[in-house]
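These notes are about the structure you will find just below.
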Amino acid sequence: LTRAHSYWVLLRDMIQGIAEIVANGNTVHSTVSLGQENMKTLANLRDLMGATVLEALAGDLVAFSVVSGEALLALRARAETLAAELAPQAIGLVDAWDFTDAQLGHSAIGANDGDLYRR
């Protein structure tokens with residue numbers, strides 16, 4: 001239950017944060033204006049986060065008949081579509097957090113082609 005609540009708080013805050021940006025004319029802190037492409041990326045991140053959270057809780061959601069197995073399959077397909085749409089921005093999104101190579105470890109996140117093993 002604690003995990004589900006934590007996921008809910010994170011997702012709620014992300015939804016509210018994006019809604020505030022939209023309400024302010026796609027402007028952050030009254031100084032930075034976000035273009036349509038940035039807003040689409042934020043919306044895709046929000047939706048992917050929601051899909052990921054629901055997938056993480058899939059067992060409980062099915063056990064308590066909150067969602068059907070078919071709905072979870074559709075959710076998985078949507079998550080895959082969103083991940084594919086976000087792939088071109090993945091390097092920039094990760095770089096924005098300024099993780100060092102050591103923090104990323106042996107990850108394909110920073111590889112443009114996603115192929116960690118040819119390095």
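Source: prediction; values computed, not measured.
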> For E85, which residues count as a side-chain hydrogen bond (donor to acceptor under 3.5 Å, both in side chains) partner, sequence neighbours excluded?
Replying inline: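 Result, side-chain hydrogen bond (donor to acceptor under 3.5 Å, both in side chains) vs E85: N44.
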
> Are T27 and V32 side-chain neighbours, meaning at least one heavy-atom pair lies under 4.5 Å?
Replying inline: no

Check: residues 14-25 side-chain donor-acceptor pairs under 3.5 Å, at least two apart:
unit_1	atom_1	unit_2	atom_2	d
N24	ND2	E20	O	3.1

> Can you list every salt bridge (charged side-chain N to carboxylate O under 4.0 Å, His left out) pair that touches residues 50-76, not counting sequence neighbours?
Replying inline: E55-R76, R76-E80

If you look only at distance, which donor and acceptor atoms sit under 3.5 Å apart when one is on a side chain in residues 45-54 and the other is two or more places apart or in another chain?
unit_1	atom_1	unit_2	atom_2	d
T52	OG1	L48	O	2.7

> Can you tell me how far CG of N38 sits from CD of Q89, rounded to the nearest 0.5 angstrom?
Replying inline: 9.0 Å

>> Rounded at 0.5 Å granularity, tell me how far CG in L11 sits from OG in S6.
In response: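 Separation between the atoms: 12.5 Å.
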
>> My understanding is that a hydrophobic cluster links ILVMFWY residues whose side chain heavy atoms are under 4.5 Å apart, including indirect links. Using that, what else belongs to the cluster containing W8?
In response: V9

>> Run the side-chain contact (heavy atoms from CB on, under 4.5 Å) test against V67 and tell me which residues pass, sequence neighbours left out.
In response: L61, V62, A71, L72

